[in-house]
Amino acid sequence: MSGRNLLEPTSPVPQLILELSTPTSAAGYQITARTPMSAVRDFVDRLVRPLSLQIAKIFDLPKFTPHAPVFFISLAAYTLVFVAAPHFSKLLFPKAYPTVSKRHIYGWKVHMVSMSHAIVILPWAFYLVNQSMPAVENDKAFGWDDRLGDLQAVSAAYFVWDTIESARPFTAYYGPRALLWELSTPFLNIHWFLDKVGKTGTPLQLANAGFLLSSFFGARIIYGPYISYDFLRTMWSVRHEVSPFVTGSFALGNIVLNLLNYWWFSKMIAAIQKRFKKSPASEENGSAAPGTVSVDGQTLQLPEPEAVEAALHPHEARE
């Protein structure tokens, strides 16, 4: 009996699901020949199916589950490359690798994983770019073609691996120092609560505003750039030992946060000035008119004390 290919390979890399089936025999049985990779994918699918369904549900990823086996296989493969890198590096570079210092071994292993990822996905991506995919070409934002799923799973697994690997002890020195940027946060929260409890424009909020601006200026405008500069110098000194993705994202994040600090400080000053701006009536008389209060530049009429007392103690008022 001659075989019939039910699912043609659609990419230059080994197809993970490939079944060769024969027509149904006279006895009513169908004989199916499966590749080893197909069996591995099915096994991993059964193993991770409950987890992949939960991930798809939590993060709203309807296309994740069919490609979850490739994602987890890739995640395991990157870890294997990282662990085995010293062993096959000795075979590939018998003269160069033994001269690598212990300090640079970690960076060597990370770059080996990065290279493995690039070797797999680049030819695959070039191939798919040249394939006809009307559903995707007609809807570049939400179009989908299943041929893209495995490629994206392989690449997503690399970035997840890189993120997890980056969580190793790294730049711990800067942890408590960077957290000192939060020195102004308690005063910012107090400022917000004072607004909500009707203490806007009061001497208490004015005093808190002084602490808020001074702590923000000291922690984020003066100390922040200094510690960021020291951090960037450290990142530059170990740039060959850490993933470029990590160094680039950390450096860019620090620069953006420092620029935002200057913008936030200007907005805070404007907001505080607005709260303590005198109303036209108070500017003419030198003080707020009796029975009024200035809030956000507007003069509001306060209720009479008797009305407030009656509202708070209605039973006494009736008596």
State whether the side chain of [X] and the backbone N or O of [Y] hold a donor-acceptor pair below 3.5 Å, judged by distance alone.
X: T163; Y: F159; result: yes
X: S155; Y: L151; result: no
X: N261; Y: I221; result: no
X: S228; Y: P225; result: no
X: D139; Y: A135; result: no
X: D162; Y: Y158; result: no

Report yes or no: do [X] and [Y] belong to one cluster of Ile/Leu/Val/Met/Phe/Trp/Tyr joined by side chain heavy-atom distances under 4.5 Å?
X: L188; Y: I269; result: yes
X: L183; Y: F231; result: no
X: V129; Y: I119; result: no
X: I222; Y: W263; result: yes
X: Y229; Y: W181; result: no

Smallest separation among heavy atoms of [X] and [Y], with atom names:
X: L212; Y: S184; result: CD1-O, 3.6 Å
X: P66; Y: P69; result: O-CD, 3.8 Å
X: A118; Y: P123; result: O-CD, 4.1 Å
X: R147; Y: L128; result: O-CD1, 3.6 Å
X: F72; Y: I55; result: CZ-CD1, 4.2 Å
X: D150; Y: H67; result: OD1-ND1, 2.7 Å

Rounded to the nearest 0.5 Å, how far does [atom2] of [Y] lie from [atom1] of [X]?
X: Q205; Y: F193; atom1: CD; atom2: CZ; answer: 13.0 Å
X: L51; Y: T65; atom1: CG; atom2: OG1; answer: 9.5 Å
X: L260; Y: R220; atom1: CG; atom2: CZ; answer: 10.0 Å
X: T202; Y: D195; atom1: OG1; atom2: CG; answer: 9.0 Å
X: L91; Y: H87; atom1: CG; atom2: NE2; answer: 10.0 Å
X: L80; Y: I73; atom1: CG; atom2: CD1; answer: 13.0 Å

>> Side chains of D230 and Y174 only: does a donor on one sit below 3.5 Å from an acceptor on the other?
In response: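 On atom types as modelled, these side chains qualify, holding a pair under 3.5 Å.
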Check whether any side-chain heavy atom of [X] sits under 4.5 Å from a side-chain heavy atom of [Y], and report yes or no.
X: I272; Y: H191; answer: yes
X: R177; Y: Y223; answer: yes
X: F250; Y: L232; answer: no
X: R49; Y: Q54; answer: no
X: V44; Y: V40; answer: yes
X: M133; Y: L148; answer: yes
X: L204; Y: N208; answer: no
X: V154; Y: Y78; answer: yes

> Any cation-pi pair here, R233 with W236, using under 6.0 Å and within 45°?
Replying inline: no
>> Run the ring-ring contact (aromatic ring centres under 6.0 Å, His included) test against F93 and tell me which residues pass, sequence neighbours left out.
In response: W108
> What's the verdict on ring-ring contact (aromatic ring centres under 6.0 Å, His included) for F82 and W161, showing C-alpha distance, side-chain angles and the deciding distance?
Replying inline: CA-CA 10 Å; F82 181 82; W161 179 90; 5.6 Å; yes
>> Just checking F216 against F187, ring centres under 6.0 Å apart?
In response: no
> Just wondering, are more than 12 heavy atoms of other shown residues or ligands nearer than 6.0 Å to CZ in F88?
Replying inline: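 More than 12 heavy atoms, drawn from other residues, nucleotides or ligands, come within 6.0 Å of this atom.
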>> Taking atom CZ as the centre, does F211 end up with more than 12 heavy-atom neighbours from other residues, nucleotides or ligands that are less than 6.0 angstrom away?
In response: no
